[in-house]
Structures are given as C-alpha cells and as structure tokens.
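We count ligands from 1, going down the list as the structure has it; atoms in each ligand are counted the same way. Nothing fancy with the numbering, it's 1 onward along the sequence.
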Amino acid sequence: MKNLPESRREFLRATGMLVGTALLSPKATLGQSDSPVQRTELDAAKRQSGLPDYTLHIKTSPIEIAPNRIISLTTYNGQFPGPLLRFKEGQQFTVDVHNDTDVPEQLHWHGQKVPTEVDGASEEGTPYIPAHGERRIAFVPKPAGFRFYHTHNRAGANLSAGQYSGQVGTVYIEPRNEPGRYDREVFLVLKEFEPTFSRGGDMAMDFLSPASRVKTLEDAGESAMKASLAKGMPKGYEIGYRAFTINGRMLGHGEPIRVKQGERVLFHILNGSATEIRSLALPGHSFQVVALDGNPVPNPAHVPVLWLGTGERISAIVEMTHAGVWIMGDLDNDDRRHGMGIVVEYAGRSGKAEWIPPAPYRWNYMLFGKPGSTSNDADETFEMTFAKENAAEEGFNRWTINGVAYPMTGEAMPAAFHVQQGKRNRIRMRNASDDIHPIHLHRHIFELTSVTGRRTSGVTKDVLMLGGYQEAEIDFVADNPGLTLFHCHQQLHMDYGFMTMFDYV
Ligand SMILES: [Cu+2]
C-alpha cells in the first residue's frame, strides 16, 4: 500500500498535519529545533516509501514560445517554467534531481536558509549533479513564502548555459498565515530567450528613487571608462534578446489570465531573466505589494508599476475593478511588442487586448518599509565597492569587489569576509559603475537599512537593486553557518568577477 503514490500522499498529508500542529511555535519551524521524535517518525516513513516528494529532470527540450516558434532549451522536466514546487514550512522534503545532460549541473534553492550541501553553489562546496547522474536532496524548506530554483552554473560566453537556459522554476513554501486576503493566486515568470551579444545595452537605468548619485563614485567610474575608451577599447559585451515571454509564452500566444469583476488576485511574479531588469503594469489597475522576495513587507503600499531586477520576486494583490481586456506588460515598448506581456481578460469581455502606458513612476523600496532606523545596531560593518573594468576580460567587462575579481576558473577561493554566528552584520555597498546591480546573498535574508544615505527598516530581501553610482546598506544576522556566496545576480556580471564569499569564524 505504501508504495502506491496516492496512498503515500495521503499518508504524508496526515503526518504533515500532525507535525504541523505540533510545530506551531515559531522557534520550532526553524527545522533544526523540530521535535526529534516526530522528525524521526516522519523521516522514517518517507525513507520506507523510498519515494521523493518531487522529481526533477534537467534535460534539453523543444519549447514552443509562440505558434511554430520552437526553441531548444535546457529545462526542468521538459517544460518552461519548471514545475511549481509547493512545500510546507517546517517539514522535511526530499527532491530527486536527475541530470540528463552532458554537463554537471547545480540547482540553487534561491532565497532559502539551507545548508551549503543543499544550497546549489559549487563555490560553497555543494556537490555537482553529475552529467547523466542524479542527487537526492533532503531539507527543511524555509522561510515561508515565494522562492525559486535555478541553475547556478557559470555561463561565460556560452549563451545556452547558466541562466540563459530554461532552468528556472518557482517555489512556494506555505506559511501559516497568508499575507493578505485574496481570491486566488497566479504565478508569473518573466523570461527572455534567444540571447545575442551586443556592445552597449538599452536597459532602463533611471527608474530608481531616490535618484541622487554619489559624486566620488561617479567621478571614479566615469574617468575609468573614459581612460579605457581613449585607449581604443570598445565597450564591453552586453546581451540582447529576440524573444520575451511570461510563463514561457510570448504576449498574445498564451492563455489569458481570466478574471471576474471584483476579484482579488494575488500575483507572485518572478524575474527569471539572466541579465535584464523588468517592469510590469496593468492599465487601469494598481498593485498592492504584500511581499518582496517572498517576505511580507511592513507597509503593503499600492503602486502603479512594478520593477524587478534579475532574481527578484514581488507578491502583489490586484483588485479587478476595471473591466476589459488588458495587456499586463513591460513598460519597454520594444520588449513588450516582442512578447513581454500577458493578457488579462475579464469574464464577458472580448476583443483586442489594450495597452495604456502608465504615468512616469519611480520605484522606491523604502515605500514598503518603516521610516527611520532599525532598532538593531550592527555588530560588524563590511565596506564593499563595486567597479567595472571596461572590456578587460576578452571583450567582457571585468567586475571587482574592493578591487578583486572572483576567479573565472571555477577554483575554490578563500572567503574574503568573515562573520561570527549570531552577530548582526552590515554591508555598506558602494557602486562605482553606472549599471544597476541586483545584489544577491545566499542562504540568508537581509534587511535593507539605508538607500543613498536615507535610513529605513523592515524590508527583508535576498536580492536588492543597487543603482548606478549609488550607495545602500543591508544587514544580515549570521544564523546559517557555512560558506556563503554574495554576488550580482546579473549572469554576465557574476561570471566575470562580481562575486565574493563570507565564512563563519
Ligand atoms: Cu551586476
């Protein structure tokens, strides 16, 4: 009986409820402190069945992004996006990952406080999933909220590898309390395909608020660029794309989101791009942002436009009060016309989907936080300056943190920053380049404590866009021992040096 998937699921559901009830105290949900007796019983039951909760196959598959527009992609389970994996906070899960490709792979559990052997980053020591091999991963997913999984391979100049591939899937760790009342939830993954190299990009760079720049950073960045161009260097490579999709379909070629008047829809939106920053608007509607990177915000403010750097997530409720057939799409006309959008269709309405550009609006993380300082002072402060060396690495921009580029050879590198368990650490980030960097910290959640010198608190994230020539500070508590990767989530930047490591001492 136990070997039948159906009955096993029921059994696990029953056990899960039992354990869930026993673990309602907040401490207990942290996993390590789970009641040993119940843990053992649950784990024994799972071991006996021998079946994982989820099975993923990394494999190359044809994916139809529009009628008769079929691309070849490395995917999870032959689909894009990969399957939505639902977990329950505080319960152990087992995932089998089969690698059906010829290349060793890493599967990173983005935004989760998991051990280094699970996290999915070779730099931290996670074993690779061997080519034509498999790994079984068992862990207690946490914290609750909207997370995701993706490859953590370096791509370098290979535009079918790393996050240029289709290896992106969503994770939802069910919390005990949902953030806000809603009628149903919709998951959206924004992703571009068919990448090509270009020299110089056209990405929006002037949408962050506050907009003020730090003069010394700007002088340093501009003079370095001028000196490089004066030497006859071309501009470093950037990436452009031919196809833009939401949930793997170009605008107009997927199923519309069908809604009813008055419905409250909770959108979980992931920017699954390798390199691009995305925006999203729905004409005649506003987004009430309830969580950033899966973490509930103190001030669930209404905004007309969402902006997401690579790897960022936004959970937002839209009240459907403006009947029609609308394009929910990117503000960039070119990208939207090449697919970056999805149709929202009210019941009883038909016709061509309409796009109306929103009024200019600047994205400010602090809007969702509490004004003023956090009550906690940092025990330790780390200074980091990010800089670009134009076209210095075989035509690619080389990126440095405090003058050091992470080696591109894949060799293990000693940690540059050291933290002590239980201590609160502040990273003071200074961006001496004109690019916006979506900065990502592994295996920890950080709190945004200042942007361009203005103090804030309460916004907790795992990716933060740092504006060109701007400064920001983030705090994190060292509560998950082991090597911890810190990098820019833009694939080109992380592949060409924009990466460093923390360890626990
Ligand atoms: Cu970057």
message: Is the terminal nitrogen or CZ of R154 (NZ for Lys, CZ for Arg) located under 6.0 angstrom from the six-membered ring centre of Y496 and within 45° of that ring's axis?
response: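 Judged by the rule (NZ or CZ under 6.0 Å from the ring centre, within 45° of its axis), R154 counts as positioned above Y496.
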- request: May I ask you to check if any N/O/S atom from H489 comes under 2.8 Å of the Cu ion (ligand 1)?
  value: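 It does not: H489 brings no N, O or S atom closer than 2.8 Å to the Cu ion (ligand 1).
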field: From R454, R455, R424, residue fulfilling salt bridge (Lys or Arg N to Asp or Glu O under 4.0 Å) relative to E473
entry: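 The salt bridge (Lys or Arg N to Asp or Glu O under 4.0 Å) with E473 is passed solely by R455 among R454, R455, R424.
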- prompt: Can you name the N, O or S atom of H493 that is closest to the Cu ion (ligand 1)?
  reply: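 Of the nitrogen, oxygen and sulfur atoms in H493, the Cu ion (ligand 1) lies nearest to ND1.
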- request: Considering just N/O/S atoms, say which atom of H437 is closest to the Cu ion (ligand 1).
  value: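 The Cu ion (ligand 1) is closest to the H437 atom ND1, counting only N, O or S.
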message: Assess whether a salt bridge exists between E383 and R428, defined as any Lys/Arg side-chain N lying under 4.0 Å from an Asp/Glu carboxylate O.
response: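 Yes.
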- prompt: Are D462 and R313 within salt-bridge range, i.e. N to O under 4.0 Å?
  reply: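 Salt bridge flag = yes for R313 with D462.
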